[in-house]
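See below for the structure under consideration.
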Amino acid sequence: MVLDQDIGLNATLFGGDMMARMDKVAGIAASLMSRNRRFLTLKVSELVFHSPVRAGEIIEFFVAITRQGRTSMTLQIEVQVYEPISDARRAVTSGEFVMVAVDEAQHPEPILWKPEAVQAATEAHRARADQA
């Protein structure tokens, strides 16, 4: 949920705040898909803001793995506002994040994939796409 302290002069969520939230989601998703402890953001591509977010609105993050590499993965993140009363959703923003697995010295290391987690994420993404 977006809180009053997250709101800027235009009475909407700061774009930079949304980017930071998406980056955190990318790191969490990368960790859930692997047995690696650390990931760094290598690249963020094409963030597109579709509609503003206001205080009190609930935001949802949807993640799809679009590329699995040896030391990195590419994640497509879509953000929507969810309206619990009507069960409606509206697109807020989307972007692509490249996350790199790193060791304690912050050098790239091979990703230790969790095939069952990747499969579950892929199936959830497909089911969501079929509903759209």
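- Of all heavy-atom pairs spanning D4 and A55, the tightest one is OD1-CB, 3.2 Å.
- Between I65 atom CD1 and Q68 atom CD the span is 5.5 Å, to the nearest 0.5 Å.
- Looking only at side-chain heavy atoms (C-beta outward), R38 and D103 stay at 4.5 Å or farther from each other.
- The CE atom of M99 sits 10.0 Å away from the CD1 atom of I28 when rounded to the nearest 0.5 Å.
- Heavy-atom neighbours of E104 CD from other residues, nucleotides or ligands within 6.0 Å: at or below the threshold of 12.
- Atom CH2 of residue W113 and atom CD of residue Q119 lie 13.0 Å apart, to the nearest 0.5 angstrom.
- With hydrogens and angles disregarded, no donor-acceptor distance shorter than 3.5 Å links the side chain of T41 to the backbone of K43.
- When every heavy atom of R37 is checked against every heavy atom of S31, the shortest pair comes out as O-OG, 4.4 Å.
- In this structure, M19 and L47 approach most closely via the heavy-atom pair CG-CD1, 3.1 Å.
- Checking side-chain atoms of T66 against main-chain N and O of T74 turns up a donor-acceptor pair under 3.5 Å.
- Here the shortest heavy-atom pairing between V63 and A29 reads CG1-CB, 3.9 Å.
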- For side-chain contact (heavy atoms from CB on, under 4.5 Å), just list the numbers for Q76 and S94, CA-CA rounded to whole Å, side-chain angles, deciding distance to a tenth of an Å, and then say yes or no. CA-CA 7 Å; Q76 179 67 33; S94 60; 3.9 Å; yes
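- The hydrophobic clustering, which links ILVMFWY residues whose side-chain heavy atoms are closer than 4.5 Å, places L75 and I59 together.
- One finds the CZ atom of R89 at 10.0 Å from the CD1 atom of I58 (value rounded to the nearest 0.5 Å).
- Considering only residues two or more places apart in sequence or on other chains, E46 meets the salt bridge (charged side-chain N to carboxylate O under 4.0 Å, His left out) condition with none of them.
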- Item | Test side-chain contact (heavy atoms from CB on, under 4.5 Å) applied to R67 and M73, step by step | CA-CA 5 Å; R67 191 184 75 70; M73 66 177 78; over 6 Å; no
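- Tracing side-chain contacts under 4.5 Å through hydrophobic residues (I, L, V, M, F, W, Y), one never reaches L40 starting from L112; they form parts of separate clusters.
- Here the side chains of H50 and V92 are not in contact, with every heavy-atom distance at 4.5 Å or above.
- The shortest heavy-atom contact between T12 and P52 is CG2-CB, 3.5 Å.
- A salt bridge does not link D130 with R126: none of the charged nitrogens is closer than 4.0 Å to a carboxylate oxygen.
- One finds a salt bridge joining D6 and R21 here, because a Lys/Arg side-chain nitrogen approaches an Asp/Glu carboxylate oxygen to under 4.0 Å.
- Considering every non-hydrogen atom in both A91 and Q80, the closest pair reads CA-CG, 4.2 Å.
- Rounding to the nearest 0.5 Å places CZ of F97 at 12.5 Å from CG of L42.
- Here the straight-line distance linking atom CD1 of I77 with atom CD of E96 works out to 10.0 Å at 0.5 Å rounding.
- A continuous path of ILVMFWY side-chain contacts below 4.5 Å connects F39 to M22, so both sit in one hydrophobic cluster.
- Qualifying side-chain hydrogen bond (donor to acceptor under 3.5 Å, both in side chains) partners for E78, counting only residues two or more places apart in sequence or in other chains: R128.
- Hydrophobic clustering, with ILVMFWY side chains joined whenever heavy atoms are under 4.5 angstrom apart, keeps V79 apart from V98.
- V81 and M18 fall within a single hydrophobic cluster, where Ile, Leu, Val, Met, Phe, Trp and Tyr side chains are chained together by heavy-atom contacts under 4.5 Å.
- Of the residues listed (E83, E57, E60), the one engaging R90 in a salt bridge (Lys or Arg N to Asp or Glu O under 4.0 Å) is E57, and it is the only one.
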